[in-house]
Amino acid sequence: MYSGNYEEYGNTFAYNVLGETTYSTCEPRNIQHFLANQFKDFAIAPAKNGPFFPLLGDGIFVIDGHGWEYSRALLRPQFARNQITQLENMEEHFQVFKDCIPDGTAAAAELQELFFELTVDSATHFLFGESCDTLGHRRDILQGKVKQEIPSGAAFAKAFNETQSHMFTRFFLKGLHSWHNPKQFQEAVKICKDFTERYVSDVVELAKSGKLNETTKSGKYVFLQAIAKDTQDPIILRDATMNLLLAGRDTTGSLLGWLFYLLVRYPDVQAKLRRAIVADFGAEYDPSRITFESLKNCKYLRWVLDETLRLYPTVPINMRTAIRDTTLPLGGGPDGKSPVFIPKGSHIEYSVYAMHRRADIYGDDANWFRPERWESRPKTDAFGWEYLPFNGGPRICLGQQFALTEAGYTVVRMFQEYKRFESEEMDPFIKCFSTLTTCVGGKGVLVRCYKE
Ligand code: HEM
């Protein structure tokens with residue numbers, strides 16, 4: 001789905017659906033052109049605002065121009081290093097996470113589902129100062145403490161999932177997105193909005209009564225309280241948090257799911273990663289050794305993360321729309337090496353997935369998981385546009401460091417808690433499940449995690 005057509009039609013080609021022309025490309029120079037060099041000729045809103053509006057409103061993901069500049073300026077300071085490195089929050093959630101994993105001698109765990117719960121718990125903690133605690137609910141059920149009723153946090157996480165698959169369908173319907181608006185989608189959107197609005201109205205009340213600074217004095221960073229110092233508009237606050245929930249949850253959860261999917265299939269990489277982790281962080285949990293810097297400096301861990309995102313970029317395919325007549329540098333002429341004219345209103349679809357697997361860029365082993373490739377191909381500016389899991393240009397992902405810190409932390413802690421990981425399922429046919437992001441389909445990531 002993400003790479004087949006390029007093999008047949010070349011790295012840039014056009015297609016037409018119901019009168020709408022889309023240019024599809026996996027050419028780094030073209031991608032650099034519309035994401036950076038000619039940024040102003042292309043917009044995000046025409047392709048995304050309509051399909052995503054019910055949930056995301058006018059949040060950063062779906063708007064352009066001044067509205068986007070405002071949102072980016074509002075959110076950017078919140079990703080300063082001290083905010084994103086509250087590792088004690090991550091440990092709190094990791095402790096519950098591991099309680100949900102059975103010992104490998106008894107059963108396998110579906111890790112991907114658990115990673116999604118871990119990331120929604122930590123994202124809500126970061127945003128609202130209070131986690132929706134889906135893992136806590138799961139653990140209580142496992143320990144027979146509660147019945148299967150879903151408390152509001154877990155109901156929110158479930159509804160959030162439901163919205164993703166509908167928004168995916170709407171996205172591909174492009175201009176016809178309003179044809180897909182079933183009752184389940186509307187109900188799920190309502191649950192998500194109600195959940196978020198509860199926190200927003202609390203914070204607006206705090207701000208009105210002048211108590212916002214008192215709560216932040218406690219030293220614990222809470223995203224919603226921090227941005228409420230700049231605006232108390234409830235719609236702006238709700239849209240900002242909803243957009244960040246979308247950004248922060250599935251992405252990191254999917255990265256971790258694919259990473260363990262790959263590690264159990266490549267035992268040599270698993271063994272090498274274990275040696276690197278033990279050397280840099282110790283075999284047992286020692287909070288003083290896991291820091292933002294030490295996670296960044298553990299080379300093999302970084303290569304494993306980079307290589308996973310190369311093979312399975314969380315956002316495999318993306319879209320822009322030309323807002324004036326313009327060009328792309330490559331794709332025209334008989335050999336596809338000349339510029340191509342792009343009329344106003346055309347869509348541009350770009351597949352990072354296909355680009356990351358091009359043999360002419362990554363070599364004949366482009367489809368193999370080989371973290372060592374990053375040793376000889378360091379990420380330099382010259383190489384930057386061929387590797388784009390976090391996008392590039394003015395709209396580059398704001399949460400990149402947050403995501404890599406959270407994912408790296410989780411991997412280190414997994415290796416400290418468990419002595420080995422084995423796959424329960426070795427189906428050679430990889431099933432991708434796509435909503436707005438991609439994750440492992442089929443049975444998910446069934447892994448036996450052995451303590452000894
Ligand atoms: C592995 C994890 C992640 C990946 C692969 C990823 C990837 C991306 C990509 C590809 C975009 C560009 C979307 C577009 O312009 O169409 C993006 C944008 C964005 N990401 Fe991430 N992301 C990750 C995690 C996060 C996290 C954890 C956060 C925040 C908590 C975050 C916040 C954002 C925001 C706010 C934008 C919008 C930037 C803008 O439009 O100016 N991301 N991300």
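Values in this document were obtained by computation on a predicted structure and should not be read as measured data. Worth knowing before you read on, the calculation uses all heavy atoms, side chains too, and leaves out hydrogens, waters and symmetry mates. Numbering of ligands and ligand atoms starts at 1, following listing order.
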Taking a cutoff of less than 4.0 Å between a non-hydrogen atom of the residue and any ligand atom, is Met319 in contact with ligand 1? no

If you scan protein heavy atoms around atom 36 (C) of ligand 1, the nearest is Phe61 CZ, 3.7 Å

In the protein, which heavy atom is nearest to atom 6 (C) of ligand 1, and how far is it? Phe390 CD2, 3.7 Å

Which atoms of ligand 1 sit under 4.0 Å from any heavy atom of Thr314? 5 (C)

Contact region, Asn243 to ligand 1, non-hydrogen atoms below 4.0 Å, reads neither

Would you call the rings of Phe52 and Phe171 parallel, tilted or perpendicular, where under 30° means parallel and over 60° means perpendicular? tilted

Ligand 1 to Arg395 polar contact by distance, N or O atoms, under 3.5 Å: yes

Any salt bridge linking Asp268 with Lys272? Criterion: basic side-chain nitrogen under 4.0 Å from a carboxylate oxygen. no

Salt bridge (Lys or Arg N to Asp or Glu O under 4.0 Å) for Lys299 and Glu375? Distances and angles first, verdict last. CA-CA 9 Å; Lys299 260 200 212 154; Glu375 182 162 30; 5.7 Å; no

Tell me if the aromatic rings of His356 and Tyr387 count as close, with their centers under 6.0 Å from one another. yes

Give the atom numbers and elements of ligand 1 that come within less than 4.0 Å of a heavy atom of Pro389. 5 (C), 7 (C), 10 (C)

Among all protein heavy atoms, pick out the one at the shortest distance from atom 35 (C) of ligand 1; state its residue, atom name and that distance to 0.1 Å. Leu244 CD2, 3.6 Å

among protein heavy atoms, the one nearest atom 28 (C) of ligand 1 is Gly399 CA, 3.5 Å

Do the rings of Tyr353 and Tyr312 sit parallel, tilted or perpendicular, given the 30° and 60° boundaries? tilted

At what distance is the nearest protein heavy atom to atom 8 (C) of ligand 1, and which residue and atom is it? Cys397 CB, 3.8 Å

Atoms in ligand 1 with a heavy atom of Phe402 nearer than 4.0 Å: 27 (C)

Top protein contact for atom 13 (C) of ligand 1, by heavy-atom distance: Asn318 ND2, 3.8 Å

Do NZ/NE/NH1/NH2 and the carboxylate oxygens of Asp41 and Arg324 come within less than 4.0 Å? yes

Going by an N to O cut-off under 4.0 Å, is there a salt bridge joining Asp64 and Arg395? yes

Within 4.0 Å of some non-hydrogen atom of Trp68, the atoms of ligand 1 are 39 (C), 40 (O), 41 (O)

Measure up the Phe415 and Phe421 rings against each other and bin them: parallel (under 30°), tilted (30 to 60°), perpendicular (over 60°). perpendicular

Ion pair check, Arg358 and Glu27, cut-off under 4.0 Å: yes

Atoms of ligand 1 under 4.0 Å from any heavy atom of Lys48, numbered from 1 in the order shown, are 14 (C), 16 (O)

Which label fits Phe369 and Tyr266: parallel for a plane angle under 30°, tilted from 30 to 60°, or perpendicular past 60°? perpendicular

Does Tyr70 form a side-chain hydrogen bond (donor to acceptor under 3.5 Å, both in side chains) with Asp58? I'd like the steps, not just the answer. CA-CA 11 Å; Tyr70 171 79; Asp58 283 323; over 6 Å; no

Classify the ring geometry between Phe97 and Phe115 as parallel (under 30°), tilted (30 to 60°) or perpendicular (over 60°). parallel

Could you identify the single nearest non-hydrogen protein atom to atom 38 (C) of ligand 1 and state the distance to 0.1 Å? Arg72 NH1, 3.3 Å

Among the heavy atoms of Gln400, does any lie under 4.0 Å from an atom of ligand 1? no

Check whether any heavy atom of Phe126 sits under 4.0 Å from an atom of ligand 1. no

Top protein contact for atom 32 (C) of ligand 1, by heavy-atom distance: Ala247 CB, 3.4 Å

One finds that the ligand 1 atoms under 4.0 Å from a non-hydrogen atom of Phe79 are 29 (C), 30 (C)

Check whether any N or O atom of Asn391, backbone or side chain, sits under 3.5 Å from an N or O atom of ligand 1, and answer yes or no. yes

Within-cut-off N or O pair, Tyr350 and ligand 1, under 3.5 Å: no

Centroid-centroid distance, Phe160 to Phe195, less than 6.0 Å: no

For Arg320, which part has a heavy atom under 4.0 Å from ligand 1: side chain, backbone, both, or neither? side chain

Could you tell me whether Arg76 approaches ligand 1 through its side chain, its backbone, both or neither, with non-hydrogen atoms closer than 4.0 Å? neither

Are Arg72 and Glu69 close enough for a salt bridge, meaning some N to O gap below 4.0 Å? no

